[in-house]
J.: 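Here's a structure for you.
In this text, all values refer to a predicted model and were calculated from it rather than measured experimentally. No hydrogens, no waters, no symmetry mates; every other heavy atom, side chains included, goes into these values. Naming convention: chains lettered A, B, ... in sequence-line order (proteins, then strands); numbering from 1 in each chain.
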Amino acid sequence: MENSFTINNLNLFYGDKQALKNINMDISRYEVTAFIGPSGCGKSTLLRCLNRMNDLIPSVRMEGDIIFDQENINKDKIDVVQLRTRVGMVFQKPNPFPMSIYENVIYGLRCQNIKDKNVLNKVCETSLRKAALWDEVKDRLNDNAYGLSGGQQQRLCIARAIAMEPEVILMDEPTSALDPIATAKIEELIQELKKDYTIIIVTHSMHQAARISDKTAFFLMGEVIEMGETRNLFHVPKDKRTEDYITGRFG
Amino acid sequence: MVKINLELSLFKENIILMSSRVYKMHEDALKALRTNDRDLALSIIESDEYVNNDEEAVNRRALEVLALLAPVASDLRIIIAGIKIATDLERMGDYAKNIARFILKNDPVLEEQMVLIEDIYRVYLDFLNKTMDAFENADLDAAFALPKMDEEIDLLIKNLFFKLEEVELNDPNTIRLIPLVGMARNIERAGDHTKNICEQIIYESTGQYYDFG
């Protein structure tokens with residue numbers, strides 16, 4: 001299987017503190033990869049490396065390569081804005097913009113100065129359909145997005161990411177603020193989305209990782225302790241630390 | 001103590017208790033056979049009901065752990081292996097019951113014939129005892145080594161059949177060998193189930209399915 005990302009010898013420092021230690025990892029295209037591990041283990045930090053979100057933190061220093069589509073995105077020269085259209089992101093807390101549902105979805109296109117109403121309408125509908133939200137909002141596209149439920153807002157954020165036609169969607173604990181029904185909808189949606197996108201998800205729910213991901217990486221204190229097929233990692237983990245963590249005997 | 005640790009140790013205890021009951025049934029069956037103790041044979045038949053209840057208790061606890069604690073990795077493998085081991089033990093209880101029925105239905109075994117079955121039964125009892133020790137201690141090496149004892153049982157049974165070919169058909173004692181054949185078959189099957197338990201101990205430790213044939 002082709003890789004979306006190949007990470008070689010990645011080290012990341014917040015000031016003097018090393019947050020990622022010698023990460024080497026391949027992330028397969030059109031699969032769901034889950035990052036699990038205790039708080040502060042570096043999983044979200046690595047996720048943010050994949051669309052250069054860490055650039056926004058001044059004290060961050062990085063070494064190593066992150067190859068995305070044959071290009072090392074860890075180099076200064078790359079167009080970060082363009083990278084972020086290709087590698088979209090959905091956050092823990094739904095963060096719709098204070099505007100209509102319609103405007104939320106096409107926000108990225110507006111930023112790119114696309115004005116053709118037909119194109120905008122089409123992208124809006126396709127994105128909402130792909131995010132499994134169309135049927136629920138098609139009659140109220142001009143309503144304020146804040147009126148949607150938490151689960152709907154999160155799917156709206158996924159639609160907003162999809163509207164940019166990304167290749168990869170990064171998800172940082174996308175269901176931790178949602179109830180089980182909304183969580184189930186997002187999980188179902190992720191299974192649909194992986195046909196067209198590579199998905200990388202950080203989750204604190206081990207059972208969510210087990211349910212939805214093809215591969216799982218277990219992080220501990222900035223290191224990847226074990227990465228492999230999810231079905232193997234949750235059945236016969238190779239490393240004792242992985243075993244202790246997933247069976248709840250850690251610490 | 002982590003709740004799942006407690007639940008899993010109780011689960012294992014259930015299985016060990018069940019195996020001691022099954023072991024005692026077979027041990028008593030050999031004793032009843034040797035002494036023609038019909039009361040003891042009857043008590044074996046009664047014990048089978050307890051073994052069936054033990055299996056239910058094991059399954060019930062397994063379901064609770066699965067439903068409430070969602071085990072993964074080695075925790076999950078203990079549950080899966082445990083459910084299967086309980087099924088094997090339940091069948092072994094049935095074989096002890098069958099042997100007890102042979103004792104009740106037939107004339108006492110003649111002294112010179114007793115030796116034919118006693119050797120087989122002793123190897124089986126040793127096999128079961130060591131297998132359950134291996135389960136209790138998650139002893140992978142023992143689980144790989146012990147199935148050799150099943151081969152020993154099969155060989156002894158084959159020898160028994162060879163001896164049967166040599167008997168005089170017009171000897172009035174020959175007919176009394178027939179129940180022995182039935183009993184030997186039951187021990188043989190119980191041995192096969194004990195071998196299955198060794199496979200489950202290996203699965204529990206390694207996550208790999210191993211087939212001893």
J.: On a heavy-atom basis, which atom in Arg77(B) and which in His235(A) lie closest, and how many Å separate them?
T.: NH1-O, 2.6 Å
J.: So for atom CD, which belongs to Glu188(A), do other residues, nucleotides or ligands contribute more than 12 heavy atoms lying within a distance under 6.0 Å?
T.: no
J.: Tell me whether the count of non-hydrogen atoms from other residues, nucleotides or ligands lying under 6.0 Å of CG in Asn137(B) goes above 12.
T.: yes
J.: Check the surroundings of atom CD1 in Ile181(A): do more than 12 heavy atoms from other residues, nucleotides or ligands lie under 6.0 Å from it?
T.: no
J.: Going by side chain to side chain contact (heavy atoms under 4.5 Å, CB included), Thr247(A) matches just one of Leu76(B), Ile4(B), Asp75(B). Which one?
T.: Asp75(B)
J.: What do you reckon, is OH of Tyr14(A) surrounded by more than 12 foreign heavy atoms closer than 6.0 Å?
T.: yes
J.: Counting only N and O atoms by type, is there a donor-acceptor contact under 3.5 Å from the side chain of Glu243(A) to the main-chain atoms of Ser74(B)?
T.: yes
J.: Looking at every heavy atom in both Val72(B) and Ile246(A), which two are closest together, and how far apart are they?
T.: CG2-O, 3.2 Å
J.: Which atoms of His207(A) are under 4.5 Å from chain B, going by heavy atoms: the side chain, the backbone, both sets, or neither?
T.: side chain
J.: Could you tell me which non-hydrogen atom of Gly207(B) sits nearest to which non-hydrogen atom of Val236(A), and how far apart they are?
T.: CA-CG2, 3.7 Å
J.: Give a yes or no on whether Arg185(B) atom CZ has more than 12 heavy-atom contacts from other residues, nucleotides or ligands under 6.0 Å away.
T.: no
J.: Check whether Ile80(B) gets within reach of chain A through its side chain, its backbone, both or neither, counting any heavy atom under 4.5 Å.
T.: neither
J.: Check whether more than 12 heavy atoms from other residues, nucleotides or ligands sit under 6.0 Å from atom CZ of Phe162(B), and answer yes or no.
T.: no
J.: If I take atom CZ from residue Arg249(A) and atom CG from residue Asn5(B), how far apart are they, to the nearest 0.5 angstrom?
T.: 4.0 Å
